[in-house]
Chemist: 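Here it is, the structure, as structure tokens.
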Amino acid sequence: MAIEAWFMDESNEDQRLPHQRKPNEPVSLDHLAELGVLYWLLNPKVYENDVELKKIREARGYNYMDMLDLRPENVANFEEKLRNFYTEHIHADEEIRYCLEGSAYFDVRDKEDRWIRIWIKAGDLIILPAGIYHRFTLDTSNYVRLMRLFVGEPVWTAHNRPQEDHPARKEYVKSLTERVGVPLAAH
């Protein structure tokens, strides 16, 4: 089953809730691809020897990998960390996450500055382009195990909004105008 995404409601309730509009307004993989968000569905049970994952890593130059096991009992100051992840920001590089267990949400801004919630579950590999406004939170399960991939040494710097003058943001906005009508070969 493919990844699920939808436009978010404006509620200030617990960030771990789905926040679907009523009626729900799903967002397609094609719409996400127009924003530069790429997606693959892989088999998380074989991640250590997955030929498809190896191809993706080689093709995109992801030579660094680590694991993140997010759950209350594993993370000091868990609630504070979760609030920090949920602060809207950009990165100068792509953000690549492969969900091996559990589930969580990535929220991204679309071209009209609306929030789109992307629900990742085991098997979902997602790539957020450099410069896209986004945030992250767990869902109500309060657990996710993620593989994080990088090109070269990892850079953990989050640049909180506003960042309109940041080079990665400028390049991202420019790419949106160039991307119109261009199919992407991910999903």
Chemist: Drop me the distance from K55's NZ to L42's CG, to the nearest 0.5 angstrom.
Modeler: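 Reported to 0.5 Å precision, the distance equals 11.0 Å.
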Chemist: Does the side chain of N63 come within less than 4.5 Å of R57's, by heavy atoms?
Modeler: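 No, side chains not in contact.
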Chemist: Taking the side chain as every heavy atom from C-beta outward, state whether S103 and Y143 have any atom pair closer than 4.5 Å.
Modeler: no
Chemist: side-chain contact (heavy atoms from CB on, under 4.5 Å) between Y64 and L149: does it pass, once the steps are laid out?
Modeler: CA-CA 6 Å; Y64 178 92; L149 299 166; over 6 Å; no
Chemist: Is there side-chain contact between P18 and W6, with at least one heavy-atom pair below 4.5 Å?
Modeler: yes
Chemist: State which residues pass side chain to side chain contact (heavy atoms under 4.5 Å, CB included) with E73; sequence neighbours excluded, sorted by chain then number.
Modeler: R71
Chemist: Can you list the residues that meet the salt bridge (charged side-chain N to carboxylate O under 4.0 Å, His left out) rule with K54, with sequence neighbours excluded?
Modeler: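 Residues passing salt bridge (charged side-chain N to carboxylate O under 4.0 Å, His left out) with K54: E58.
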Chemist: Can you tell me how far apart CD1 (I118) and OH (Y105) are? Round to the nearest 0.5 Å.
Modeler: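 Interatomic distance, I118 CD1 to Y105 OH, rounded to 0.5 Å: 12.5 Å.
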Chemist: Check whether more than 12 heavy atoms from other residues, nucleotides or ligands sit under 6.0 Å from atom CD of E79, and answer yes or no.
Modeler: yes
Chemist: Apply the hydrophobic cluster definition, ILVMFWY joined by side-chain contacts under 4.5 Å directly or through others, and give me every member besides I90.
Modeler: Y133
Chemist: Does I127 belong to the same Ile/Leu/Val/Met/Phe/Trp/Tyr cluster as M67, with side-chain heavy atoms less than 4.5 Å apart forming each link?
Modeler: yes
Chemist: Set out, in order, the CA-CA distance, both residues' side-chain angles and the distance that settles side-chain contact (heavy atoms from CB on, under 4.5 Å) for K22 and D9, then state yes or no.
Modeler: CA-CA 8 Å; K22 293 184 180 31; D9 66 20; 5.7 Å; no
Chemist: Any non-hydrogen side-chain atom of I3 less than 4.5 Å from a side-chain atom of I120?
Modeler: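 In short, these two side chains touch, coming nearer than 4.5 Å.
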Chemist: Go through the steps to decide whether F150 and I96 satisfy the test side-chain contact (heavy atoms from CB on, under 4.5 Å), and finish with yes or no.
Modeler: CA-CA 7 Å; F150 295 89; I96 307 99; 5.7 Å; no
Chemist: With a sphere of 6.0 Å drawn around CG of N49, does it hold more than 12 non-hydrogen atoms of other residues, nucleotides or ligands?
Modeler: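 No, because the 6.0 Å sphere around CG of N49 holds 12 heavy atoms or fewer from other groups.
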Chemist: Hydrophobic cluster membership, with links at side-chain heavy-atom distances under 4.5 Å among I/L/V/M/F/W/Y: are V46 and L53 in one?
Modeler: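 No, separate clusters.
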Chemist: Which pairs with one or both residues in residues 42-52 pass salt bridge (Lys or Arg N to Asp or Glu O under 4.0 Å), sequence neighbours excluded?
Modeler: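 Not a single pair qualifies under salt bridge (Lys or Arg N to Asp or Glu O under 4.0 Å).
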Chemist: Would you kindly confirm whether V108 and L29 end up in one hydrophobic cluster when ILVMFWY residues are joined by side chain heavy atoms under 4.5 Å apart?
Modeler: yes
Chemist: Assess the residue pair V155 and H91 against the criterion (side-chain contact (heavy atoms from CB on, under 4.5 Å)); give the C-alpha distance rounded to whole Å, side-chain angles, the decisive distance to 0.1 Å, and a yes or no.
Modeler: CA-CA 9 Å; V155 178; H91 297 289; over 6 Å; no
Chemist: Report the distance from atom CD1 of I126 to atom CG of L41, rounding to the nearest 0.5 Å.
Modeler: 12.5 Å
Chemist: Does the pair E4 and K121 meet the rule for a salt bridge (charged side-chain N to carboxylate O under 4.0 Å, His left out), with working shown?
Modeler: CA-CA 9 Å; E4 295 178 62; K121 298 179 271 312; 3.2 Å; yes
Chemist: Are any non-hydrogen side-chain atoms of L125 and Y39 less than 4.5 angstrom apart?
Modeler: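 They are not in side-chain contact.
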Chemist: Quick one: do L68 and L138 end up in the same hydrophobic cluster if we chain Ile, Leu, Val, Met, Phe, Trp and Tyr together by side-chain heavy atoms under 4.5 Å apart?
Modeler: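 The answer is yes; both residues are in one hydrophobic cluster.
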Chemist: Can you tell me how far apart CG (L128) and CG (D93) are? Round to the nearest 0.5 Å.
Modeler: 12.5 Å
Chemist: Share the residues that join Y86 in a hydrophobic cluster, the rule being Ile, Leu, Val, Met, Phe, Trp or Tyr side chains under 4.5 Å apart at the heavy-atom level.
Modeler: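 When side chains under 4.5 Å apart are linked, the cluster holding Y86 also contains M8, W115.
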Chemist: Answer yes or no: are there more than 12 heavy-atom neighbours, outside N12 itself, under 6.0 Å from its atom CG?
Modeler: no
Chemist: Answer whether the closest heavy-atom distance between the side chains of S11 and H19 falls below 4.5 Å.
Modeler: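 Counting from C-beta outward, S11 and H19 do come under 4.5 Å.
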Chemist: Using the ring of each side chain (for Trp, its six-membered ring), is F106 parallel, tilted or perpendicular to F136, with breaks at 30° and 60°?
Modeler: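 Taking F136 first and then F106, their aromatic rings sit tilted (interplane angle of 30° to 60°).
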Chemist: With a 4.5 Å cut-off on side-chain heavy atoms, are W119 and D139 touching?
Modeler: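 Side chain of D139 against side chain of W119, heavy atoms only: contact under 4.5 Å found.
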Chemist: What do the steps show when you test H89 against H159 for ring pair (Phe, Tyr, Trp, His ring centres under 6.0 Å), and what is the final call?
Modeler: CA-CA 5 Å; H89 61 279; H159 304 280; 9.1 Å; no
Chemist: Using the salt bridge (Lys or Arg N to Asp or Glu O under 4.0 Å) rule, collect all pairs that involve residues 95-109, keeping only residues at least two apart or in two chains.
Modeler: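 Applying salt bridge (Lys or Arg N to Asp or Glu O under 4.0 Å) to every pair that reaches into residues 95-109, excluding sequence neighbours, yields E88-R109, E95-R97, E101-R145, D107-R117, D107-R135, R109-D113.
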Chemist: If you measure from CG on L70 to CG on L82, what distance do you get to the nearest 0.5 Å?
Modeler: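 Answer for the CG-CG pair, L70 versus L82, is 7.5 Å.
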Chemist: Calculate, to the nearest 0.5 Å, the distance between atoms CG and SG belonging to D124 and C99 respectively.
Modeler: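 It is 6.5 Å, given to the nearest 0.5 Å.
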Chemist: Are side-chain heavy atoms of L100 and Y47 found at a separation under 4.5 Å?
Modeler: yes
Chemist: Any side-chain to backbone donor/acceptor pair from D110 onto R114? Under 3.5 Å, distance only.
Modeler: yes
